[in-house]
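Quick note: numbers below take in every heavy atom, side chains included, and nothing from hydrogens, waters or symmetry partners. Positions are given from 1, in the same order as the sequence printed here.
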Amino acid sequence: MDKKRENGTAPIVLDVSSLRVSYGKAEVVHGVDFAVREGEFVVLLGRNGAGKSTMLHAISGLIPRASGAVTFAGRDISGMDARDIARCGLSMVLEGHRVFTSLSVEDNLLLGTYARNRRGDRSKLAIAYDLFPELAERRQQMASRLSGGQQQILAVAQGIVSEPRLLILDEPSGGLAPMVINRILTVAKQLTRSGMSVLLVEQLVKEALKFADYCYLIETGKVGGEGPPEEVGKGELIKRIYLGGAAVQAPSA
């Protein structure tokens with residue numbers, strides 16, 4: 001369906017082919033195929049338990065695949081560990097405001113630069129401070145003293161300072177005010193304009209559709225449908241998955 005993608009001629013950054021993931025004898029991801037192109041904001045939508053986060057964990061090397069291939073920036077990363085995948089330029093922000101609460105805001109950000117540079121690079125912190133001035137104001141504050149929303153912003157900024165080619169966001173809205181998630185996704189969308197790609201898993205469907213360039217609908221461990229947000233939001237599958245019949249309208253630009 002690349003003809004429906006606004007940047008359908010842009011290079012593919014992430015190519016997932018026939019991905020299968022199992023927990024013990026139970027297969028939870030059943031031969032999934034999807035792609036993310038350069039400068040594209042792609043969203044995986046689906047109910048809790050559909051296998052979305054499991055896919056992200058397998059792609060980023062946090063859990064093993066049962067089979068299938070993952071190609072990133074033209075390189076097969078299927079057998080690589082999470083640290084080496086990060087050094088290739090894939091940055092994943094895990095669900096749940098995961099920051100080092102015993103460290104300062106600045107030290108948390110400095111740790112983020114180690115993903116690409118084993119010595120760290122303090123000069124990269126300016127990227128985070130420009131995007132999130134509230135972090136600059138609190139740079140010496142302990143992360144434990146931040147609100148939940150501020151901790152999530154810090155976690156996202158930690159992923160951004162490595163200057164990834166692909167930023168993966170796993171359920172960034174968990175327990176946060178709509179204003180905070182809107183701020184995070186606005187910044188992520190802004191970064192796609194400079195060529196970075198974003199892959200998002202999110203339960204706030206209307207928010208996700210507002211920012212997405214392309215969507216995949218995940219139903220019980222497989223891709224049930226795909227398309228641009230304006231089509232996906234009106235389709236029968238998303239009605240069935242989320243609302244039992246009522247369409248989810250993609251907000252107009």
Side-chain angles (χ1 to χ4, degrees), residues 41 43-44 48 52-54 56-57 60-63 81-83 85-87 89-194 196-208 210-211:
F41 197 121
V43 178
L44 304 183
N48 284 331
K52 306 182 302 300
S53 292
T54 298
L56 300 188
H57 291 179
S60 58
L62 294 173
I63 61 174
D81 65 25
R83 183 178 301 177
I85 289 173
R87 287 183 178 139
L90 186 154
S91 180
M92 179 167 171
V93 180
L94 295 167
E95 180 182 3
H97 322 163
R98 299 197 187 190
V99 297
F100 295 94
T101 55
S102 61
L103 298 178
S104 69
V105 167
E106 185 147 299
D107 284 343
N108 267 277
L109 292 173
L110 186 60
L111 283 175
T113 70
Y114 279 81
R116 299 290 295 276
N117 184 336
R118 295 180 184 183
R119 297 181 178 180
D121 189 347
R122 191 172 292 275
S123 68
K124 301 298 184 185
L125 304 191
I127 299 170
Y129 294 146
D130 286 345
L131 293 171
F132 299 109
E134 59 268 49
L135 296 182
E137 296 168 3
R138 296 170 173 81
R139 66 180 72 194
Q140 299 306 323
Q141 187 171 320
M142 300 298 286
S144 60
R145 297 181 59 194
L146 301 179
S147 68
Q150 290 166 346
Q151 287 188 12
Q152 184 66 347
I153 287 173
L154 177 58
V156 172
Q158 198 177 49
I160 290 171
V161 293
S162 66
E163 296 184 298
R165 290 194 65 177
L166 174 64
L167 178 67
I168 297 179
L169 302 174
D170 186 12
E171 300 278 11
S173 70
L176 302 182
M179 182 173 64
V180 176
I181 185 58
N182 185 76
R183 176 133 172 70
I184 290 170
L185 296 185
T186 297
V187 168
K189 185 70 171 182
Q190 175 185 335
L191 290 169
T192 64
R193 300 188 184 106
S194 62
M196 191 184 80
S197 304
V198 174
L199 177 60
L200 170 72
V201 162
E202 182 50 64
Q203 286 298 315
L204 296 180
V205 179
K206 289 184 179 180
E207 281 296 301
K210 182 170 72 173
F211 290 94

Residues that Asp130 engages under side-chain contact (heavy atoms from CB on, under 4.5 Å), provided they are two or more places apart:
none

In the structure I gave you, are the side-chain heavy atoms of Arg122 and Thr113 within less than 4.5 Å of one another anywhere?
no

When you measure from the side chain of Glu202 to the backbone N and O of Val43, does any donor-acceptor pair fall under 3.5 Å?
no

Any heavy-atom pair between the side chains of Pro172 and Val93 that's under 4.5 Å?
no

Can you tell me how far the CG atom of Leu62 sits from the CG atom of Asp81, to the nearest 0.5 Å?
10.0 Å

So Leu94 and His57, do their side chains get closer than 4.5 Å, heavy atoms only?
yes

Would you say the side-chain atoms of Glu171 and Ser53 include a donor-acceptor pair closer than 3.5 Å?
no

First locate atom OG of Ser104, then atom CG of Leu146, and finally report the distance between them rounded to the nearest 0.5 Å.
10.0 Å

Less than 4.5 Å apart, any side-chain heavy atom of Val198 and any of Leu191?
no

With rounding to the nearest 0.5 Å, note down the distance linking CG in Leu56 to CD1 in Ile168.
5.5 Å

Supply the atom-to-atom distance Arg145 CZ to Gln151 CD, rounded to the nearest 0.5 angstrom.
12.5 Å

Solution key, residues 178-190 side-chain donor-acceptor pairs under 3.5 Å, sequence neighbours excluded:
residue	atom	partner	partner atom	Å
Asn182	OD1	Lys210	NZ	3.0
Arg183	NE	Glu134	OE2	3.1
Arg183	NH2	Leu131	O	3.2
Arg183	NH2	Glu134	OE1	3.0
Thr186	OG1	Asn182	O	2.7
Lys189	NZ	Phe211	O	2.9
Lys189	NZ	Asp213	OD1	2.8
Lys189	NZ	Asp213	OD2	3.4

Is there a side chain to side chain contact (heavy atoms under 4.5 Å, CB included) between Ile85 and Met92? Walk through the geometry before answering.
CA-CA 10 Å; Ile85 289 173; Met92 179 167 171; over 6 Å; no

Point-to-point distance, once rounded to the nearest 0.5 Å, from CE of Met142 to OG of Ser102:
6.0 Å

The reported gap from CG in Leu169 to CG in Leu44 (rounded to nearest 0.5 angstrom) is 11.0 Å

Of all residues at least two apart in sequence or in a different chain, which pass the side-chain contact (heavy atoms from CB on, under 4.5 Å) check with Ala128?
Leu109, Ala157, Val161

Kindly indicate, with the supporting measurements, whether the criterion side chain to side chain contact (heavy atoms under 4.5 Å, CB included) is fulfilled by Arg83 and Tyr114.
CA-CA 10 Å; Arg83 183 178 301 177; Tyr114 279 81; over 6 Å; no

Kindly say whether Val105 contributes a backbone atom to a donor-acceptor pair with the side chain of Gln141 at under 3.5 angstrom?
no

Any side-chain heavy atom of Glu163 sitting closer than 4.5 Å to one from Met196?
no

Less than 4.5 Å apart, side chain to side chain, heavy atoms only: is that true for Gln158 and Phe100?
yes

